[in-house]
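Take a look at the structure below.
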Amino acid sequence: LASFFGVLTIGEIFFGLGLDYYLRVCRGAEIPTIFSQLIKAILYLIVALSFLSTTYKIDITPLLTTSAIFSMVIGLALQDVLGNFFAGLSVHISPPFRLGDWVKVSGFFGCVVESNWRATTIRTSTRELVTLPNNDFSKKEIINFSFRPGILMQEFTIGLAYETSPETARQSLLGACSQVKGIQTEPAPLILMEAFQDFSIQYRLRYWIRDDGEQAGIRDQV
């Protein structure tokens, strides 16, 4: 038992210093929690079965057969949990977001702060933490507002009278953006004519800010 736990401890150290260091420092990538947990669980199971087979001379064939039947029963009992688990895998294999991205899903808008085997947690602009099952991310529409790491897109619509020419409207809205501290110049704000209403022309104003900026305050100043 001492040697078994010793191997696990050494493996944990190598995993932390090796894989985590390589991905985070050398590659500049963040390893998702769901993958680290899955890899550790598989490696621990392999080590445990190897010790039973080699050190204690135990025939693990019945264990494998029994575990297959047990897994079938557990799978039927935990359909929702396993559904979230595999949904989490699919989200990370083909990720629509990265940790730190600002997304909108199921009516919630916030920054992705954690994603594990069961759920994904986002932090809203009002600092609330919302935990959503991975099924929501695999089945529902996801809007990613992050232009690039650290940059967040914001937009809203405004109606201006027909007497205001489109060029005057664009220059006025761009001038307003240039006076608000916190709006990025690269990429530059964008003004789009969107619709002709009964009494006004509707424009969409799109601009980018730092994702750690005061979103509501900047919007209010604009």
### Task
To the nearest 0.5 Å, tell me how far N144 CG sits from R98 CZ.
8.0 Å
### Heavy-atom pair of closest approach, residues P189 and C177
CG-CB, 3.9 Å
### S172 side chain to T168 backbone, donor-acceptor under 3.5 Å
yes
### Message
Just so I know, are the side chains of V103 and I122 near enough to count as touching, which here means a heavy-atom distance under 4.5 Å?
### Response
yes
### Query
Got a sec, which hydrophobics cluster with L190, joining ILVMFWY side chains under 4.5 Å apart, including via others?
L192
### Message
Just verifying a value: how many Å separate I191 CD1 and R170 CZ, rounded to the nearest 0.5 Å?
### Response
8.0 Å
### Note, I183 side chain near V222 side chain (heavy atom, < 4.5 Å)
yes
### Query
Which distance, rounded to the nearest 0.5 Å, do you find between the CD of Q215 and the CZ of F145?
10.0 Å
### Query
Would a 4.5 Å heavy-atom cut-off, applied to side chains only, mark L160 and Y203 as touching?
yes
### Message
Given E155, which partner from the list R219, K104, R206 fulfils the salt bridge (Lys or Arg N to Asp or Glu O under 4.0 Å) test?
### Response
R206
### Query
Heavy-atom count around F156 CZ within 6.0 Å, excluding the residue itself: above 12?
yes
### Message
I want to check something: taking the side chain as every heavy atom from C-beta on, are T157 and L205 in contact at a cut-off of under 4.5 Å?
### Response
no
### Task
Would you mind reporting whether M193 and I201 have side-chain heavy atoms less than 4.5 Å apart?
yes
### Query
Do V113 and L99 have side-chain heavy atoms sitting under 4.5 Å apart?
no
### Message
Between W208 and Q154, is there a side-chain heavy-atom distance shorter than 4.5 Å?
### Response
no
## Note on the structure
Nearest heavy-atom contact between K181 and I218 is O-CG1, 4.1 Å
### Message
As a quick check of understanding, evaluate side chain to side chain contact (heavy atoms under 4.5 Å, CB included) for T121 and V130, giving each step before the final call.
### Response
CA-CA 6 Å; T121 302; V130 180; over 6 Å; no
### Message
Just checking F199: does its CZ atom have more than 12 heavy atoms from other residues, nucleotides or ligands closer to it than 6.0 angstrom?
### Response
no
### Message
Using side-chain heavy atoms (C-beta onward) and a distance below 4.5 Å, is Q184 in contact with I151?
### Response
yes
### Task
May I ask you to decide if the ring planes of W102 and F109 are parallel, tilted or perpendicular, using 30° and 60° as cut-offs?
tilted
### Task
With side chain to side chain contact (heavy atoms under 4.5 Å, CB included) as the test, would you mind laying out the steps for T131 and T120 before giving the verdict?
CA-CA 6 Å; T131 301; T120 297; over 6 Å; no
### CD1-CE distance between I143 and M153, expressed to the nearest 0.5 angstrom
8.0 Å
